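As the structure is a prediction and not an experimental result, all values here were calculated from the model. Every heavy atom of this structure was used, including side-chain atoms; hydrogens, water molecules and symmetry mates were not. As the structure lists them, so they are numbered: ligands from 1, and atoms in each ligand from 1.
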Amino acid sequence: MSQKIKMPQREPQVRKKDFEQVNTGYTKEQMLLEAKRCLQCKDPMCVKGCPVEINIPGFIKYLSEDNPKEAIKVLNHKTSLPAICGRVCPQENQCEKNCILGIKGQSVSIGNLERYAADITADNDVESVYVVVEKNNIKVAVIGSGPAGLTCGGDLLKRGYSVTVFESLHDTGGVLRYGIPEFRLPKKVLDTEINKLTKLGMKFILNTLIGRTKTLQDLFNEEFKAIFISVGAGLPKFANIQGENLNHVYCSNEFLVRVNLMRSYDFPNYDTPVYRGKNVVVVGGGNTAIDSARTAVRLGAETVKLIYRRSENEMPARLEEREHAKEEGIEFVTLTNPVKFIGDEKGSVKAVECIKMQLGFPDTSGRRKPIPISNSNYIVETDMVILALGLNPNPILSSLTENLKIDSKGYILIDKNYMTSIKGVFAGGDIVGGDTVISAMGMGKQAAKNIMCYLTNN
Ligand code: FAD
Ligand code: SF4
């Protein structure tokens, strides 16, 4: 059985010194070889694993005929962000996991093919990739410009609605811009996807915190007939242990926002300094932890230790990212948890006291629960700690909006039609409990369908 064509990548010793892309993308010859591996199944299991139900054999067929122009049309029928999904979606747990070729051998590299189709057609006119109907002048407001908002807004635009996206930050894209680093998702790729939506007529109003700068009622007063809330879950969790307030103990959000959004890696050209640790400890096991660790390497750290309380099998971070991190010299210290951060006389962190852990029975997350091993404490010396312990929903909008119901953890409650407790107000993405780009996009799509249905009937 044929082997999948490996994605070409830059050498670890070279790439760890800069923020350029790690994976360089298939050549045409590599794309053709990979596309021709697809069996064009009559009942394609891969599609069942895709949250936005892309016609996967359909776009791959066009690629195998070296016709990316038609391939991208098939993709754009279901996704407005193929260059992004091709790079950051956890395909190994979704479409590629279901691919029939994976049962006895290696699945088709669906994500790498999607990326090829999007990159090679990036400069095509929007008219040649989207079918847009006539404008109907009905106004819909989207709050938050991450993948959920862009997808919901994009689908509404393509059906003729007038879409305005309100964003609290000074730039668009949500986590795609401020969280995921340049070496995984270049800003140029994100800008190309967003520019296509702007050309279709999507309006962006930046630096506007809905809830504070304007309320939902203000938006209804401005003649928006429906609202989609996609504000993500950007509130960092903390360990609540001694020493967390010491200098040079960062939360991953602050660290990544400073580096990615504010471009502190290019200081002093960009006026946002960030501390550059020599011996860095990152705590966590998700994509955010791996991104923080790999960013610290690129900022010049001599050693980076990734401390995680479970084993690598339970790590939520993508396999490819874990492999890349190890190639770049990051040391995985698993079954270990910090219990205390220790400071020097100037109030800066100088060490982490850790405890060893063992795995017990599965907990509510379905993963085996980590249990501390008594008297196993030891000290790890460090001059910088980055905490990547997960994110909670940001409470600003929900706390300032009367009658917007949330659950006990702060996620906005929605019904089966994606409508919140307020009529005409819908929600999706991480703010209702999603945790990947593609799940945010899937919810954005479903919400758009329901918003159209609501607007037709009200
Ligand atoms: P977000 O992307 O969080 O966007 C929400 C937007 O709303 C933000 O721009 C925010 O500024 C804005 N906003 C918030 N409040 C307001 C307000 N009141 N008014 C106006 N605007 C507001 N997923 C993957 O699938 N693959 C990955 O490789 C991956 N890597 C990740 C790496 C990192 C570092 C992080 C943090 C997450 C990663 N994820 C990954 C998760 C993924 O990025 C999120 O699930 C996804 O971005 C959620 O999309 P969203 O549209 O719901 O929200
Ligand atoms: Fe092609 Fe695999 Fe999908 Fe079959 S399951 S259509 S082989 S990608």
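Only the backbone of Thr208 comes within 4.0 Å of ligand 1, judged by heavy-atom distances. Contacts between Leu256 and ligand 1 below 4.0 angstrom, taking non-hydrogen atoms only, involve the side chain exclusively. Residue contacts with ligand 1, taken as heavy atom pairs separated by less than 4.0 Å, involve Ser230 solely via the backbone atoms N, CA, C and O. Proximity of Arg177 to ligand 1, defined as any heavy-atom pair under 4.0 Å, is not found for any part of the residue.
Ranking protein heavy atoms by distance to atom 23 (N) of ligand 1, first place goes to Val437 N, 3.5 Å. For atom 32 (C) of ligand 1, the nearest non-hydrogen atom of the protein is Asp291 OD2, 3.2 Å. Of the protein's non-hydrogen atoms, the one nearest atom 44 (C) of ligand 1 is Asp430 OD2, 3.3 Å. Protein heavy atom closest to atom 11 (O) of ligand 1, with residue, atom name and distance, is Glu167 OE2, 2.7 Å.
Ring pair Phe426/Tyr454 is perpendicular by interplanar angle, where above 60° counts as perpendicular and below 30° as parallel. Note on ring orientation: taking the six-membered ring where Trp is involved, the planes of Phe255 and Tyr250 are perpendicular (angle over 60°, cut-offs 30° and 60°).
Checked for salt-bridge contact, Asp155 and Lys449 miss the test: no charged N lies under 4.0 Å from a carboxylate O.
Distances from atom 4 (Fe) of ligand 2 show that Cys38 has no N/O/S atom below 2.8 Å. Residue Cys99: an N/O/S atom is found under 2.8 Å from atom 2 (Fe) of ligand 2.
Counting protein heavy atoms under 4.0 angstrom from atom 52 (O) of ligand 1 gives one or more.
Looking at ligand 1, you won't find any N or O of Arg318 less than 3.5 Å from one of its N or O atoms.
Against a heavy-atom cut-off of under 4.0 Å, Gly174 is close to the following atoms of ligand 1: 2 (O), 4 (O), 8 (C), 9 (O).
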